[in-house]
Number of protein chains: 2
Amino acid sequence: MKTRDKILLSSLELFNERGERNITTNHIAAHLAISPGNLYYHFRNKSDIIYEIFQEYEKLVDYYLDIPEDRAITLEDLTFYLESVFDGLWSYRFFHRDLEYLLDSDPRLRQDYREFTNRCLAAIDRIFGKLAEGGIIAPQPAELRSAMSLNVWLVITNWMAFLKTAHAADAQANLTLTELKQGIYQVLTLELPYLTPEYRERVLALREKYRPTLPETTEQSGVRLNAVGGVA
Amino acid sequence: MKTRDKILLSSLELFNERGERNITTNHIAAHLAISPGNLYYHFRNKSDIIYEIFQEYEKLVDYYLDIPEDRAITLEDLTFYLESVFDGLWSYRFFHRDLEYLLDSDPRLRQDYREFTNRCLAAIDRIFGKLAEGGIIAPQPAELRSAMSLNVWLVITNWMAFLKTAHAADAQANLTLTELKQGIYQVLTLELPYLTPEYRERVLALREKYRPTLPETTEQSGVRLNAVGGVA
DNA sequence: GACTGCCTAGAGTATATACTCTAATAATAG
DNA sequence: CTATTATTAGAGTATATACTCTAGGCAGTC
């Protein structure tokens with residue numbers, strides 16, 4: 001594997017694990033056992049590394065959110081979309097953590113991210129439309145639909161931050177992909193009231209698969225995941 | 001005003017304006033025209049300043065989210081809760097921006113924030129309960145209610161980040177309280193399907209007040225707030 | 001062998017950052 | 001007034017951070 005690609009890969013890995021803010025270019029070089037000079041031969045600066053990682057992320061999500069034009073979508077499609085989006089979120093999870101700072105320090109990124117957001121919102125909106133075509137949810141006026149899409153987006157993009165901040169007192173408690181995907185439970189909660197009677201049971205069953213499980217790990221304060229869809 | 005209080009005030013102001021990450025203790029001292037030594041006489045470190053600001057935030061929100069035990073709540077109450085929460089979010093808006101980093105660097109803060117989140121979630125849940133008592137929304141099973149509460153929390157806490165990141169390409173475009181409060185539109189969107197017929201019109205009217213207005217400022221790419229509840 | 005283009009090492013640098021230390025000045029109490 | 005305490009200034013420091021610069025290796029080609 002080329003050094004350049006190794007840099008991208010290691011950066012992503014380190015950023016995800018410890019946060020972009022805590023990882024310097026020197027860390028990345030050290031992790032790869034290459035010199036800083038070498039790293040800077042391949043990338044002009046840290047921003048360029050991040051920008052390129054973002055472009056991968058963008059490409060991945062765009063690929064998954066390619067909604068078919070010619071047919072309505074099924075529950076299986078919906079599951080696939082949700083799973084894929086959360087997979088993407090997981091693989092590039094560092095990104096949303098320091099999003100505002102990153103956008104402030106790179107105008108290209110700000111511009112691209114803005115467009116990316118709009119594409120995602122449009123895709124969610126289209127999914128709602130196609131779900132209605134498929135008779136899974138009742139059709140809604142365009143305006144409500146787009147407000148709902150935005151809520152879906154807000155829930156998806158904030159779910160990880162919620163998990164990390166509501167997590168057990170141990171700072172190092174690390175997130176799992178399984179936990180992350182419990183966000184699907186929350187997203188499906190948003191859609192519940194709009195389901196058609198024919199599909200209601202099936203979606204409820206699907207949703208049930210993502211229900212947060214009670215904490216397995218021992219707990220200091222004992223509350224933890226009660227908040228997450230459990231006891232009030 | 002005491003130097004100590006001035007430090008807290010200026011810190012909050014600077015953090016809100018430029019982000020905690022971009023503000024050093026030296027900046028704060030310079031802004032107040034005091035020496036770094038003076039600042040460190042009053043606070044052991046930067047974390048302590050942030051922790052104390054958080055405690056103010058906490059107190060404020062707790063004060064506002066004190067739900068009456070003895071009666072159902074009205075639409076006016078609901079409006080007040082929503083307005084207050086977004087006011088609080090606005091006044092301490094730096095906090096959610098770097099939340100994860102802040103919690104990672106201060107275990108006290110992590111613990112307190114966790115409990116704070118749980119109190120907020122419980123309050124939202126109670127509000128849903130009282131809204132049902134007041135005949136504004138249809139009562140829902142506890143489990144659905146708490147999943148809904150969590151979604152409300154996710155939308156509220158992520159709304160600002162969304163605005164800032166979806167904002168016009170100008171990095172410096174600054175947010176207004178009015179824009180922030182359009183988050184109320186999104187929150188009320190979540191509640192729409194659960195409204196009782198008697199209240200539906202009134203809540204729709206209330207929601208309408210927070211509908212995002214079309215952008216007044218000129219736009220580069222011309223999309224901007226379309227995403228925010230507008231055209232799809 | 002010599003030339004060329006790509007890659008790499010590693011020491012080095014300018015700046016920033018959080019924080020310390022000492023000494024001096026105000027404020028207050030007796 | 002004196003003694004004590006609270007507050008402040010301001011120079012200074014250890015460490016970190018993003019990044020630069022120079023020299024050289026290595027692979028292929030003639």
Side-chain angles (χ1 to χ4, degrees), chain A residues 1-54 94-95 97-98 100-110 171, chain B residues 1-54 94-95 97-98 100-110 171:
Chain A
M1 183 186 257
K2 300 217 137 207
T3 302
R4 192 187 154 81
D5 294 325
K6 281 199 264 184
I7 293 172
L8 289 172
L9 213 66
S10 280
S11 300
L12 177 57
E13 187 187 328
L14 292 172
F15 289 161
N16 276 341
E17 268 170 23
R18 301 179 38 205
E20 175 271 339
R21 187 170 177 174
N22 299 314
I23 296 296
T24 72
T25 48
N26 291 346
H27 285 134
I28 300 167
H31 182 82
L32 285 168
I34 65 172
S35 64
N38 193 355
L39 186 145
Y40 279 90
Y41 170 79
H42 291 285
F43 293 93
R44 271 188 32 250
N45 51 42
K46 197 181 173 188
S47 263
D48 275 9
I49 299 179
I50 292 165
Y51 185 60
E52 227 163 285
I53 294 178
F54 168 71
F94 86 94
F95 189 70
R97 175 174 168 162
D98 288 300
E100 290 191 45
Y101 175 82
L102 296 177
L103 300 194
D104 278 349
S105 21
D106 188 345
R108 288 172 309 177
L109 192 60
R110 172 175 294 276
Chain B
M1 182 185 256
K2 299 217 135 208
T3 302
R4 192 186 153 82
D5 295 324
K6 282 198 265 184
I7 293 172
L8 289 172
L9 213 68
S10 280
S11 300
L12 176 57
E13 187 189 327
L14 292 171
F15 289 161
N16 277 341
E17 268 170 22
R18 300 178 39 204
E20 176 271 341
R21 185 169 180 175
N22 299 314
I23 296 297
T24 72
T25 48
N26 292 345
H27 284 134
I28 300 168
H31 182 80
L32 285 167
I34 66 173
S35 64
N38 194 355
L39 186 145
Y40 278 91
Y41 170 78
H42 291 285
F43 293 93
R44 271 187 32 248
N45 52 42
K46 198 182 173 187
S47 262
D48 275 9
I49 299 179
I50 292 165
Y51 185 59
E52 229 164 283
I53 294 178
F54 167 70
F94 84 94
F95 190 70
R97 174 173 167 161
D98 288 301
E100 289 190 46
Y101 175 82
L102 296 178
L103 299 194
D104 277 349
S105 21
D106 187 346
R108 289 172 308 176
L109 193 59
R110 174 175 292 277

Open item on the list: Which label fits F94(B) and F15(B): parallel for a plane angle under 30°, tilted from 30 to 60°, or perpendicular past 60°?
Closed with: tilted
TODO: For D48(B) and dA18(C), give me the distance from atom CG to atom P, rounded to whole Å.
DONE: 14 Å
- [ ] Round to a whole Å and report the spacing from CG of L32(A) to P of dT8(C).
- [x] 11 Å
- [ ] Would you indicate which nucleotide in dT8(C), dA9(D), dC19(D) comes nearest to any side-chain atom of S35(B)?
- [x] dA9(D)
TODO: Respond yes when some side-chain nitrogen or oxygen of T24(A) is under 4.0 Å from OP1 or OP2 of dA18(D), and no when none is.
DONE: yes
Open item on the list: Nearest to the side chain of P36(B), heavy atoms from C-beta on, is which of dC19(D), dT7(D), dA11(D)?
Closed with: dA11(D)
Open item on the list: With a 4.0 Å cutoff (strictly under), does any side-chain N or O of T25(B) reach OP1 or OP2 of dA18(C)?
Closed with: yes
Task: L39(B) versus I7(B), closest heavy-atom pair with distance - done: CA-CD1, 3.9 Å
TODO: Can you tell me the distance, in whole Å, between the CG atom of N22(B) and the C1' atom of dT17(C)?
DONE: 13 Å
Open item on the list: Rounded to whole Å, how long is the line connecting atom CG of L39(B) with atom P of dA9(D)?
Closed with: 11 Å
TODO: Please determine if R108(B) forms a cation-pi arrangement with Y51(B), meaning its NZ or CZ atom is less than 6.0 Å from the six-membered ring centre and no more than 45° off the ring axis.
DONE: yes
Open item on the list: For dT8(D) and T3(B) - does any side-chain N or O of the residue sit under 4.0 Å from the phosphate oxygens OP1/OP2?
Closed with: yes
Open item on the list: Does dT7(D) have its OP1 or OP2 closer than 4.0 Å to a side-chain nitrogen or oxygen of N38(B)?
Closed with: no
Task: Any K2(A) side-chain N or O less than 4.0 Å from OP1/OP2 of dC7(C) - done: yes
Task: Integer-rounded Å distance: dA16(C) P and K46(A) NZ - done: 17 Å
Open item on the list: Any salt bridge linking R21(B) with D104(A)? Criterion: basic side-chain nitrogen under 4.0 Å from a carboxylate oxygen.
Closed with: no
TODO: Examine dT8(C): is either OP1 or OP2 under 4.0 Å from a nitrogen or oxygen in the side chain of H42(A)? Give yes or no.
DONE: yes
TODO: Round to the nearest Å and state the distance from I28(A) atom CD1 to dA16(D) atom C1'.
DONE: 15 Å
Open item on the list: For S10(A) versus L32(A), what's the shortest heavy-atom pair and its separation?
Closed with: OG-CD2, 3.1 Å
Task: Proximity to the side chain of I34(B) - top-ranked nucleotide from dA9(D), dA18(D), dC19(D) - done: dA9(D)
Open item on the list: Whether Y40(A) contacts dC19(D) is assessed here as follows: a side-chain N or O lying under 4.0 Å from the phosphate OP1 or OP2. Is that the case?
Closed with: yes
Task: 5' priority, DNA chain C, between R21(A) and Y41(A) [closest heavy atom] - done: Y41(A)
Task: Length of the CD1-P vector between I49(A) and dT17(D), whole Å - done: 15 Å
Open item on the list: Classify A29(B) by what it touches in the nucleic acid, base, sugar-phosphate, or nothing, heavy-atom distance under 4.0 Å.
Closed with: nothing
Task: Minimum-distance nucleotide (side-chain atoms of N26(A) versus dT17(D), dC19(C), dT20(D)) - done: dT17(D)
TODO: Take atom NE2 of H27(B) and atom P of dA18(C), then tell me their distance rounded to the nearest Å.
DONE: 9 Å
Open item on the list: Could you walk me through whether K2(A) and H42(A) satisfy the side-chain contact (heavy atoms from CB on, under 4.5 Å) test, starting with their C-alpha distance in whole Å, then the side-chain angles of each, then the deciding distance to 0.1 Å, before giving a yes or no?
Closed with: CA-CA 10 Å; K2(A) 300 217 137 207; H42(A) 291 285; over 6 Å; no
